Protein chains: 2
Amino acid sequence: MTVSKTAADPLKVSRAVAKQDFDASSDDSLLHLGELSGLLGYSLKRAQLRVFEDFLRCVAPLQLTPAQFSVLLLLDQNPGRNQTEIANTLGILRPNFVAMLDGLESRELCARMRSASDRRSHILVLTDKGRAVLTRAKKLVANKHEARLIELLGPENHAALLDMLAKIAHEF
Amino acid sequence: MTVSKTAADPLKVSRAVAKQDFDASSDDSLLHLGELSGLLGYSLKRAQLRVFEDFLRCVAPLQLTPAQFSVLLLLDQNPGRNQTEIANTLGILRPNFVAMLDGLESRELCARMRSASDRRSHILVLTDKGRAVLTRAKKLVANKHEARLIELLGPENHAALLDMLAKIAHEF
DNA sequence: GATAATTGTTATTCGCTATATCAAATACCG
DNA sequence: CGGTATTTGATATAGCGAATAACAATTATC
């Protein structure tokens, strides 16, 4: 955690109404979003859809969804964990995680191993193929996907955006 | 546009590794998110879910979802529009917008009126009740919902966040 | 050793999204 | 004018993500 317990951390971004309204009294152009553009939830959802869309395009050669990519990433960094732990961390409900793992396992990207200490749980492990795919995916994501976002926002703004989103997710 | 042409506007948040290593060889604590916390899409989705969750809570007395609220808002600011125009603006597919309007219309929050100039289209209008509900909803959203977000992030950061999200949604 | 709790799983439901298709109405164009 | 294409609202349908209940096997608790 520790996204920032401090109170004032400005981030001087050019505020400026910019492309507010345009007087579309009766043309077929875009409608007035009005107060909708000030609704954080609305902008969040719109931006999230765009980012996921681009993610899918960039990583299309590997046929990985954002959720699948996040699972592989988490397995790589947390070896020896079981399904419940991984699912909980990602906010996925255990029942829904089963089919997801089935998909990854059928493609031999990961495997379930019965734990010796607790024969109820399945220890999740990345296969060699899974590690290879993850490596390629990380490169695609970093070079094609995140790079464009950083270029669009600027590195400092991009970092500030990440911090604010984490803060919302954890402290709101 | 113009989220920031300036170079350095840090936002001094503990960008450092922070809670990186903890040796979680086998405790039930949180797992290492690792590079996942640097994935904008992941943070976006997490934050969006939290914001929507809070929105629903704040506006629960009026029984409005974020999508329904956005429709009412848009109808109020764009009178005389038909279903296709409203749906397109919100990124809702026309077929899916039908059931949504049915719900709002059955609650007498809005109404469909056949257009005189084009008898195919339905002009959407807010009812008096719809306007009243919208007014109350706006107050709840502003005072209970957005106010907390602004307090959490700070007004400048909140504004900067909105700008960046809009930029992603429109220019990415 | 009996009861409670946990793990993975199945089944099912709900909501949102996406596509194809349709009838009615309008636009287009020779 | 008349015939074709387009548009609008609507229906049906499929798919996916999320959510809950329930179950067998295993482990924890007392």
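All values below were derived from every heavy atom in this structure, side-chain atoms included, with hydrogens, water molecules and symmetry-related copies excluded. Quick note on labels: first sequence line is chain A, next is B, and so on, each numbered from 1. These figures come from a predicted structure and were not determined experimentally.
Taking for each of A/Thr65 and A/Pro95 the nucleotide of DNA chain D with the nearest heavy atom, the 5'-most of the two is the partner of A/Thr65. For the pair B/Ala67 and B/Arg120, nearest-nucleotide mapping onto DNA chain C gives the more 5' position to B/Ala67.
Remark: C1' of C/dG15 and CZ of B/Phe97 are 17 Å apart, rounded to the nearest angstrom. One atom, CG of B/Leu93, and another, P of D/dG9, lie 14 Å apart when rounded to the nearest Å. Between the CD atom of A/Gln68 and the P atom of D/dC16 there is a distance of 11 Å, rounded to whole Å. To the nearest angstrom, C1' of D/dA21 lies 13 Å from CG of A/Asn96. In this structure, A/Leu124 atom CG and C/dT7 atom P are separated by 13 Å, rounded to whole Å. One can place CG of A/Leu101 at 9 Å from P of C/dG8, the figure rounded to the nearest angstrom. Distance CG (A/Asn88) to P (C/dT6): 12 Å, rounded to an integer number of Å. Regarding B/Arg114, its CZ atom lies at a distance of 8 Å from the P atom of D/dA10, rounded to whole Å.
The distance from atom CD1 of A/Ile123 to atom CG of A/Asn82, rounded to the nearest 0.5 Å, is 5.5 Å.
The aromatic ring centres of A/Phe69 and A/Phe55 sit less than 6.0 Å apart.
In terms of modelled atom types and a separation under 3.5 Å, the side chain of A/Arg50 and the main chain of B/Ala169 share a donor-acceptor contact. Distance alone, capped at 3.5 Å, places no donor-acceptor pair between the B/Gln83 side chain and the B/Leu124 backbone.
Between B/Arg119 and D/dT7 there is no side-chain polar atom (N or O) within less than 4.0 angstrom of OP1 or OP2. Look at B/Lys45 and you'll find a side-chain N or O under 4.0 angstrom from OP1 or OP2 of D/dA18. Note on A/Thr84: every side-chain N or O is 4.0 Å or more away from OP1 and OP2 of C/dT6.
Residue contacts shown for B/Asp118 are limited to sugar-phosphate atoms, with no base heavy atom under 4.0 Å away.
With salt bridges taken as basic N to acidic carboxylate O contacts below 4.0 Å, none links A/Arg148 and A/Glu151.
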